[in-house]
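Below is one structure, written out as structure tokens; comments come after it.
Throughout, residue positions are numbered sequentially from 1 according to the sequence presented.
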Amino acid sequence: MGLRSVTHAIPVLAVLLVGVTTPSAHAAASPFERGPAPTTASVEATRGPFAIATTTVSRSSASGFGGGTIYYPTSTAEGTFGAVAISPGFTSTQSAISWLGPRLASQGFVVITIDTLSTLDQPDSRGAQLLAALDYLTRTSSVRTRIDGNRLGVMGHSMGGGGSLAASRTRPSLQAAIPLTPWHTTKSWSTVRVPTMIIGAENDTTASVAAHSEPFYVSLGAAPDKAYLELNGASHSAPTRANTTVAKYSISWLKRFIDDDTRYDQFLCPAPARSTLIEEYRATCPHS
């Protein structure tokens with residue numbers, strides 16, 4: 001895949017209008033807690049408490065991935081942030097998962113949604129590109145000083161979701177992974193040790209839960225913490241547009257494991273019950 005040398009990200013393009021950062025009023029149980037105590041309303045909101053800005057990474061300035069968009073909190077009054085890289089699926093561009101950028105960043109993360117080197121890239125290649133994007137964020141990007149390089153996670157849709165599993169297998173130091181309706185020909189991920197939440201969709205005919213999400217989850221025997229969320233009545237493309245259920249549990253998982261923020265346990269354990277939104281939820285509660 002010829003790697004290109006890194007130069008710099010294009011300067012800030014826009015500031016997104018969201019709420020103002022408010023430091024937590026209590027003594028933090030974790031030094032990485034960011035933002036006020038969560039509520040159901042706050043994790044389901046379209047924007048969190050942090051005002052954010054964006055910067056574009058051009059394809060020519062990226063190394064090992066196809067460029068992308070960085071979303072980041074504008075204030076560092078509470079310290080540095082964990083970071084998350086997100087990959088689209090087969091034949092898709094970052095636009096397919098771009099809604100997650102501001103949604104997650106406004107909750108207190110630096111997020112990069114990436115374009116892949118080719119829209120036809122397979123899952124393992126997408127996994128390597130997710131890791132390249134994290135390396136870019138922490139080593140080269142204009143926002144690197146805002147990031148705690150020890151608190152990183154990956155997400156991805158479809159083949160990008162399979163890529164997030166591959167990235168977790170390659171780099172066990174990651175703090176969290178969230179494969180979204182993931183697709184991969186490999187069915188066993190027994191060596192993955194990264195806390196992983198797999199989000200499947202009941203009516204997925206592209207990456208059926210029976211052939212992909214469920215066996216992936218079952219195989220995660222080495223992961224100290226794992227969860228399986230199946231969206232009720234949803235299709236393969238459910239994570240490619242704003243989805244409150246996907247956002248709520250993704251935010252909670254990332255907060256719990258990247259920020260070690262136990263205030264979010266309330267949304268994960270005990271496991272959410274079956275509902276009009278959730279077909280099934282399995283987890284290793286209580287989380288370590």
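The pair Asp265-Arg256 meets the salt-bridge criterion, with a side-chain N (NZ, NE, NH1 or NH2) lying under 4.0 Å from an Asp/Glu carboxylate O. Between Arg34 and Asp259 there is no salt bridge, since none of the side-chain N atoms of the basic residue sits less than 4.0 Å from a carboxylate O of the acidic one. Using a 4.0 Å cut-off between charged side-chain N and carboxylate O, Glu280 and Arg274 make no salt bridge. Ion pairing between a basic and an acidic side chain is recognised when a charged N comes within 4.0 Å of a carboxylate O; Arg193 and Asp225 show no such pairing.
Between the side chain of Ser42 and the main chain of Pro38, no donor-acceptor pair closer than 3.5 Å is present. Judged purely by atom type and a 3.5 angstrom limit, Glu214 has no side-chain atom pairing as donor or acceptor with the backbone of His212. Formation of a donor-acceptor pair under 3.5 Å by the Thr74 side chain with backbone atoms of Ala51 is found in this model. Listed for the Gln129 side chain is a donor-acceptor partner under 3.5 Å among the backbone atoms of Leu117. In terms of modelled atom types and a separation under 3.5 Å, the side chain of Thr196 and the main chain of Val194 share a donor-acceptor contact. Using a distance-only test at 3.5 Å, with no hydrogens or angles considered, no donor-acceptor pair links the side chain of Ser250 to the main chain of Ala247. Of the possible polar contacts, one joining the Ser75 side chain to the Ala77 backbone as a donor-acceptor pair under 3.5 Å is found. In this structure, Arg144 contributes its side chain and Tyr136 its backbone to no donor-acceptor pair below 3.5 Å. Proximity of a side-chain donor or acceptor of Asp121 to a complementary backbone N or O of Ser118 within less than 3.5 Å is detected. Side chain of Ser208 to backbone of Ala211: a donor-acceptor contact under 3.5 angstrom is found.
Looking only at atom types and distance, the side chain of Ser58 has a donor-acceptor partner in the side chain of Ser61 under 3.5 Å away. Using modelled atom types, one finds no donor on one side chain facing an acceptor on the other under 3.5 Å when comparing Ser235 with Asn203. Thr69 and Gln94 form a side-chain donor-acceptor contact under 3.5 Å, judged by distance and modelled atom types alone. If you check the side chains of Ser92 and His157, you find no donor sitting under 3.5 Å from an acceptor. For the residue pair Glu44 / Thr40, no side-chain donor-acceptor distance below 3.5 Å is found, with atom types taken as modelled.
Linking ILVMFWY side-chain heavy atoms closer than 4.5 Å, directly or via other members, places Phe90 and Ile97 in two distinct hydrophobic clusters. Put simply, Ile114 and Met159 are part of two different groups of oily side chains (I, L, V, M, F, W, Y) that touch within less than 4.5 Å, one to the next. Taken together through direct or relayed side-chain contacts under 4.5 Å among Ile, Leu, Val, Met, Phe, Trp and Tyr, Leu220 and Leu130 form part of one hydrophobic cluster. Residues Ile178 and Ile278 are members of one and the same hydrophobic cluster, defined by side-chain heavy-atom contacts under 4.5 angstrom among Ile, Leu, Val, Met, Phe, Trp and Tyr.
Asp148 CG to Arg146 CZ: the interatomic distance, rounded to the nearest 0.5 Å, is 14.5 Å. From Leu231, atom CG reaches atom CG of Leu180 across 9.0 Å, with rounding to the nearest 0.5 Å. In this structure, CG on Asp124 lies 6.5 Å from OG1 on Thr186, to the nearest 0.5 angstrom. How far CG of Leu268 is from SG of Cys285: 7.0 Å, rounded to the nearest 0.5 Å. Considering CG of Asn150 and CD1 of Ile258, their distance stands at 12.0 Å, rounded to 0.5 Å. Phe257 CZ to Leu174 CG: the interatomic distance, rounded to the nearest 0.5 Å, is 14.0 Å.
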Task: Val110 and Val84: CA distance, side-chain angles, deciding distance, side chain to side chain contact (heavy atoms under 4.5 Å, CB included) verdict - done: CA-CA 6 Å; Val110 175; Val84 183; over 6 Å; no
Task: Derivation of the side chain to side chain contact (heavy atoms under 4.5 Å, CB included) call for Glu202 and Val209 - done: CA-CA 7 Å; Glu202 182 186 14; Val209 293; over 6 Å; no
- [ ] Evaluate the side chain to side chain contact (heavy atoms under 4.5 Å, CB included) criterion for residues Leu104 and Tyr71: first the C-alpha distance (whole Å), next the side-chain angles of each, then the deciding distance (0.1 Å), finally the verdict.
- [x] CA-CA 9 Å; Leu104 299 180; Tyr71 304 81; over 6 Å; no
TODO: Please assess Arg151 against Thr80 for the test side chain to side chain contact (heavy atoms under 4.5 Å, CB included), listing each intermediate value before the final yes or no.
DONE: CA-CA 10 Å; Arg151 299 191 293 117; Thr80 55; 4.3 Å; yes
Open item on the list: Run the side chain to side chain donor-acceptor pair (under 3.5 Å) test on Tyr228 and Glu230 for me, step by step, so that the C-alpha distance in whole Å, both residues' side-chain angles and the decisive distance to 0.1 Å come before the verdict.
Closed with: CA-CA 7 Å; Tyr228 171 69; Glu230 185 175 317; 2.6 Å; yes
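Remark: of the listed residues Thr55, Ile52, Ile147, Ile112, Thr55 is the sole one forming a side-chain contact (heavy atoms from CB on, under 4.5 Å) with Tyr72. Checking Asn232, Thr244, Thr245 one by one against Leu277, the side-chain contact (heavy atoms from CB on, under 4.5 Å) holds for a single residue, Thr245.
Counting heavy atoms from C-beta on, the side chains of Thr46 and Ser106 never come closer than 4.5 Å. Residues Pro102 and Arg47 form a side-chain contact, since some pair of their non-hydrogen atoms from C-beta on lies under 4.5 Å apart. The side-chain heavy atoms of Met155 and Leu254, taken from C-beta on, include a pair separated by under 4.5 Å. Asn243 is not listed as a side-chain neighbour of Arg241, based on a closest heavy-atom distance of 4.5 Å or more. Two residues are said to be in side-chain contact when any heavy atoms from C-beta on lie closer than 4.5 Å; Phe65 and Val57 meet this criterion.
Remark: Lys226 qualifies as a cation-pi partner of Tyr217 under the 6.0 Å distance and 45° angle criteria applied to the six-membered ring.
Nearest heavy-atom pair, Phe216 versus Ile198, reported as atom, atom and distance to 0.1 Å: CB-CD1, 3.5 Å. In terms of heavy-atom proximity, Pro172 sits nearest to Arg169 at CD-O, 4.2 Å. Minimum interatomic distance between Thr206 and Trp183 (heavy atoms only, all atoms of both residues): O-CD1, 3.6 Å. Taking each heavy atom of Val218 and Arg282 in turn, the nearest pair found is CG2-NH1, 3.9 Å. Residues Cys269 and His287 come closest through the heavy atom pair SG-CD2, 3.4 Å. Heavy-atom minimum distance, Ala222 versus Ser190: CB-O, 3.1 Å.
If you look at Trp253 and Tyr249, their ring centroids are not closer than 6.0 Å. Ring-centre distance between Trp189 and His184: below the 6.0 Å cut-off. Aromatic pair Phe81/Phe32: ring centres not closer than 6.0 Å.
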